[in-house]
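Order of the sequence lines sets the chain letters (A, B, ...), proteins ahead of strands, with each chain counted from 1.
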Amino acid sequence: MSTSQPMRVRMAPSPTGPLHIGTARTSLYNYLAARHAGGTFVLRIEDTDLARSTPEYERDILDNLHWLGLSWDEGPQVAGGEDVGDHGPYRQSQRMDLYAAEAKRLLESGAAYRCWCTPEELEAVRREQEARKEAPRYNRRCLNLTDADVAAFEAEGRRAAIRFRVEPEVIRFDDLIRGPVEFDNALLGDFVIVRNDGMPLYHFTVVVDDEAMLITHVIRGEDHLSNTPKHIALMRALGYREPVFGHIPLILNPDRSKMSKRKAQTAMTAYREEGYLPEAMVNFLAFLGWSPGTEEEIFSLDELVERFDITKVHKGGAVFDRERLDHLNGVYIRSLSDEQLALRLRPWVPEAIGDEDLVRIVPLVKERLVKLGDVVDLIGFLWEPDEVVAGRYDAEQLHPRKGGPDEARRALEGAARLIEALDDADFSADLLEQRAREAADAAGMKAGDFFSPIRVAVTGRPVSPPLFASLELLGRDRALARIRIALDKLADAVPA
RNA sequence: GCCCCCAUCGUCUAGAGGCCUAGGACGCCACCCUUUCAAGGUGGAGAUCACGGGUUCGAAUCCCGUUGGGGGCACCA
């Protein structure tokens, strides 16, 4: 086919589950290829498997694709909007007439035929073939039935599926990523293209739709590489154009098998809910199987569009490495301004913490966040009731690293005294730190040992944002109350 | 079983015959900074480029074979 015509690519997810990480990356590569070439990115929903497809999953897929910033030029819209584009409808369930017409053409030309075999009969044949160490494929029992045979099946109430008659020929194509590939279709059995209930099947509908939607480049997962010769045979039988194919490597589980729900978190929504940033996810996914060929590694979606080259995509699969995702997410979080980060953090922080307060809190947590959701554990002490905070630790955890209950008590009493000596107006991080250091000296303790019991008393956790800024944010009275609770706990634990 | 694809540090990768004593990043270790944890800085360990044959003056890079891994062979997509 001519490469001079504008590129049209498509992503064709099936709404039988939430947006999968692998689907997201394939979408990304399609998007990048289209945008880089100034082409068109089409989204088509493959919902012919009525039993497994749901509107909720479709919604999840569209929604998360939007979240990642992958906009499509043609396809269905979220929120029940009408399809956009001149080649719709973009849901296969709405294109049944087309499939029926094309199936009829194949039937009439003899490229396809009806098959009345039952699943049980098919299974029996398959078992026999396996027993004889033969390739398991359809035995063409229904290829040359007499009218009487057909009448008998119909009388039984059987309904016919439609099978594509695969010609024994060698199919060659030049894969964008793998180069020349060839398959011998003589090894293939005649496969079903329309079920006996009239529903068309995947191998058939992709081919029909890619033609109807004028798709020029089919960019999809490597798991479809072996299916391509079927598609090409179908295209030829139907007199269609043959698009360019590009099969991208799979995303793998740590054991190097195809990434699956059982072994990894595959739903994009889950990552979104944990607080991964879409820009970090995009950056991460882009590099799973591609690199710009330099040592740069932080790229925005637009920069990726500029640099992306589909022919430079790798051939080997890539393991999904969560540690690396975490690292990238942290990089992106730290690159945000305080105002931007506060906005992103909003869904995780109670309304009781006002927007302005949240912006003031951000510098305390920014470099400690791996995921946005981590903010809850980091500054939860700001909105948790005193009892909840106190419930998070026991008396022993108040002891400084070097020291026991006595040191803990000395520090807490010192802290209580110095806080009492300050009024609200003076209750600032700087002044608190100055006084606390003096108090530590007076108590003959190292600063770190002196601060540690206070940290646990006030935040309920051994790890927290910087102590004095945390105290300032908490406020004089609440800080003091928590220190007194801690002192009580200490007293209860060590009866005099 | 048959067909197809793939193969550089644990992981993501740079590498298109001499620039490679194989570079970067994540993770790991150590040190520095430091009130905890992070972040940041410095340094380090980590790959006989799966193996074996060729081709070539020269191969991680080209060819063949082997091994290993993966994917596909549904009235799922």
Side-chain angles (χ1 to χ4, degrees), chain A residues 12-17 23 46-49 51-53 115 117-119 122-123 126 129-130 133-137 159-163 175 177-178 181-185 187-189 191-197 199-203 205-206 221-230 247 249-250 252 254-258 284 287-298 314-328 330 334 365-370 374 378 400-401 433 436-437 440 446-452 454-456 459 461-468:
Chain A
S14 179
T16 52
T23 309
E46 308 220 325
D47 56 352
T48 54
D49 186 350
R52 294 194 301 146
S53 299
C115 171
C117 295
T118 64
L122 260 14
E123 181 55 31
R126 206 170 301 142
Q129 289 169 330
E130 273 169 34
K133 304 238 179 202
E134 285 173 17
R137 60 184 130 139
R159 300 184 55 188
I162 301 175
R163 272 183 197 277
D175 193 278
I177 294 158
R178 283 147 219 287
V181 184
E182 65 173 60
F183 289 85
D184 185 358
N185 270 9
L187 268 18
L188 242 47
F191 56 93
V192 174
I193 56 174
V194 178
R195 307 202 316 193
N196 74 169
D197 64 359
M199 286 307 283
L201 259 13
Y202 168 77
H203 295 306
T205 58
V206 249
E222 191 193 342
D223 45 350
H224 284 299
L225 188 57
S226 320
N227 292 148
T228 304
K230 288 181 188 169
H247 290 91
L250 298 178
L252 276 21
D255 66 4
R256 303 203 77 86
S257 57
K258 178 161 89 169
F284 173 72
F287 275 69
L288 238 39
W290 174 84
S291 105
T294 64
E295 286 178 357
E296 302 159 274
E297 49 186 10
I298 303 299
H314 304 155
K315 297 170 180 163
V319 173
F320 185 94
D321 180 9
R322 224 191 152 111
E323 306 249 38
R324 194 180 176 81
L325 208 211
D326 283 348
H327 169 257
L328 267 178
R334 275 172 255 128
V365 298
K366 191 189 262 183
E367 59 201 25
R368 276 163 256 265
L369 292 174
V370 171
D374 295 344
L378 232 35
R401 212 164 277 176
E433 176 165 2
R437 287 185 187 281
K446 287 184 70 176
D449 291 332
F450 189 81
F451 298 165
S452 152
I454 306 172
R455 178 190 313 284
V456 173
T459 68
R461 300 155 170 88
V463 170
S464 83
L467 179 58
F468 302 105

Using a 4.0 Å heavy-atom cut-off across all strands, classify [X] as base, sugar-phosphate, or nothing.
| X | value |
| --- | --- |
| A:G330 | nothing |
| A:D223 | sugar-phosphate |
| A:R256 | sugar-phosphate |
| A:P249 | nothing |
| A:T48 | sugar-phosphate |
| A:H247 | nothing |
| A:P466 | base |
| A:L467 | base |
| A:E182 | sugar-phosphate |
| A:P13 | nothing |
| A:L250 | sugar-phosphate |
| A:A161 | base |
| A:N196 | base |
| A:S291 | sugar-phosphate |

Taking CZ in A:R159 as the centre, count heavy atoms belonging to other residues, nucleotides or ligands within less than 6.0 Å. Is the count above 12? no
Work out how far the [atom1] atom of [N] is from that of [M], and round it to whole angstrom.
| N | M | atom1 | result |
| --- | --- | --- | --- |
| B:A47 | B:G40 | P | 26 Å |
| B:A45 | B:U36 | P | 29 Å |
| B:A16 | B:C62 | P | 11 Å |
| B:G41 | B:U55 | P | 50 Å |
| B:A22 | B:G68 | C1' | 23 Å |
| B:C26 | B:A38 | P | 16 Å |
| B:C3 | B:G18 | C1' | 40 Å |
| B:A30 | B:G72 | C1' | 48 Å |

So, do A:F451 and A:K446 sit near enough that their side-chain heavy atoms are less than 4.5 Å apart? no
Does any part of the side chain of A:I177, heavy atoms only, come nearer than 4.5 Å to the side chain of A:H247, both counted from C-beta? no
Among residues at least two apart in sequence or on other chains, which ones pass side-chain hydrogen bond (donor to acceptor under 3.5 Å, both in side chains) with [X]?
| X | value |
| --- | --- |
| A:N185 | none |
| A:K366 | A:D338 |
| A:E123 | A:R126, A:R127 |
| A:T205 | A:Q92 |

Leading and trailing nucleotides of RNA chain B with any atom under 4.0 Å from heavy atoms of chain A: B:G1 to B:A77
Taking any strand in view, what nucleotide pairs with [N] in a Watson-Crick or G-U wobble way, both distances under 3.5 Å?
| N | result |
| --- | --- |
| B:G18 | B:C57 |
| B:G46 | none |
| B:G65 | B:C51 |
| B:G1 | B:C73 |
| B:U36 | none |

Looking at residues at least two apart in the chain, or sitting in another chain, which of them share a salt bridge (Lys or Arg N to Asp or Glu O under 4.0 Å) with A:K315? none
So, for A:Q129 and A:R137, which heavy atoms are closest and what is the spacing to 0.1 Å? NE2-O, 2.8 Å
Here's a test of your reading of the structure: between A:A318 and A:R368, which maps to the more 5' nucleotide of RNA chain B? A:A318
On RNA chain B, check which nucleotide each of A:R126 and A:G317 is closest to and give me the residue with the more 5' one. A:G317
